[in-house]
Amino acid sequence: PLTKAQLRQQELIQNIEAMIKELFRLHDLNQNGVLEEIELIKLNEKIAMLHFGSDIDKQANREKFTKVFRTELDPHGRPVKFPAFRS
């Protein structure tokens, strides 16, 4: 039998996993089951506009999130499924 602390830890892990899946779903703007480089760029462009206004440097944003996608997800900019996003 698991202790209360172990049960709580399992519950927290399950909650975190569910939130990561939801985050992937929200990033998948066209809902095709993969995260595309352009989705990451566009989403973060909108976030930057909310924080800093519509006169953000879109080219700098594109370069920044292209680098993030290619460094963290796929070096060739190919769409990734949830497991790649998760890792």
Side-chain angles (χ1 to χ4, degrees):
L2 296 175
T3 66
K4 282 185 177 183
Q6 290 170 324
L7 288 171
R8 180 69 180 141
Q9 184 177 18
Q10 279 186 343
E11 182 181 323
L12 288 172
I13 291 169
Q14 289 172 349
N15 287 343
I16 290 169
E17 189 65 28
M19 287 188 278
I20 293 170
K21 285 179 182 175
E22 178 66 4
L23 183 63
F24 179 82
R25 188 189 70 73
L26 293 170
H27 275 72
D28 181 14
L29 299 176
N30 64 9
Q31 300 177 348
N32 66 349
V34 293
L35 176 63
E36 299 170 26
E37 185 174 86
I38 192 66
E39 291 172 321
L40 184 69
I41 292 166
K42 289 294 184 186
L43 184 62
N44 283 284
E45 181 179 287
K46 299 295 183 196
I47 292 169
M49 289 172 75
L50 288 171
H51 283 280
F52 306 111
S54 61
D55 62 340
I56 63 162
D57 185 342
K58 290 182 181 180
Q59 183 60 33
N61 183 77
R62 178 176 292 273
E63 290 171 6
K64 177 180 180 178
F65 288 99
T66 294
K67 182 178 179 182
V68 168
F69 192 95
R70 292 180 182 223
T71 301
E72 301 296 328
L73 298 172
D74 183 87
H76 304 289
R78 295 176 296 223
V80 297
K81 293 184 178 184
F82 177 73
F85 179 83
R86 173 69 177 87
S87 65

field: Verify same cluster id: Leu23, Val34 (apolar side-chain graph, 4.5 Å)
entry: no

message: Show the nearest heavy-atom pair for residues Gln6 and Pro1, with the distance to one decimal.
response: OE1-O, 4.4 Å

query: Do Gln14 and Gln10 have side-chain N/O donor and acceptor atoms under 3.5 Å apart?
result: no

message: With clusters defined by side-chain heavy atoms of hydrophobic residues (ILVMFWY) lying less than 4.5 Å apart, directly or transitively, does Ile41 cluster with Leu26?
response: no

- request: Identify whether Val68 and Ile47 are in the same connected component of the hydrophobic contact network (ILVMFWY, side-chain heavy atoms under 4.5 Å).
  value: no

statement: Apart from Phe52 itself, its cluster of hydrophobic side chains linked below 4.5 Å comprises Met49, Ile56

query: Atom CD of Glu11 and atom CG of Leu7: how far apart are they, to the nearest 0.5 Å?
result: 8.5 Å

message: If the test is side chain to side chain contact (heavy atoms under 4.5 Å, CB included), which one of Ile38, Asp57, Asn44 qualifies with Arg62?
response: Ile38

query: Roughly how far, to the nearest 0.5 Å, is the NZ atom of Lys46 from the CG atom of Leu43?
result: 10.0 Å

message: Using a strict threshold of under 4.0 Å (side-chain N to carboxylate O), is an ion pair present between Arg86 and Glu17?
response: yes

message: Return the CD to CG distance between Glu36 and Leu73, rounded to the nearest 0.5 Å.
response: 12.5 Å

- prompt: Relative to each other, are the rings of Phe24 and Phe82 parallel, tilted or perpendicular (30° and 60° limits)?
  reply: perpendicular

- request: Could you grab the distance from atom CZ of Arg8 to atom CG of Leu2, nearest 0.5 Å is fine?
  value: 14.5 Å

task: State which residues pass salt bridge (Lys or Arg N to Asp or Glu O under 4.0 Å) with Glu37; sequence neighbours excluded, sorted by chain then number.
output: Arg70

Contacts of Phe69 that satisfy ring-ring contact (aromatic ring centres under 6.0 Å, His included) - sequence neighbours left out: none

message: Can a donor-acceptor pair be found, under 3.5 Å and without considering hydrogens, that links the side chain of Asp28 to the backbone of Leu35?
response: no

field: Ser87 side-chain N/O to Ala84 backbone N/O, donor-acceptor pair under 3.5 Å
entry: yes

- prompt: Salt bridge or not for Lys42 and Glu39, using N-O below 4.0 Å?
  reply: no

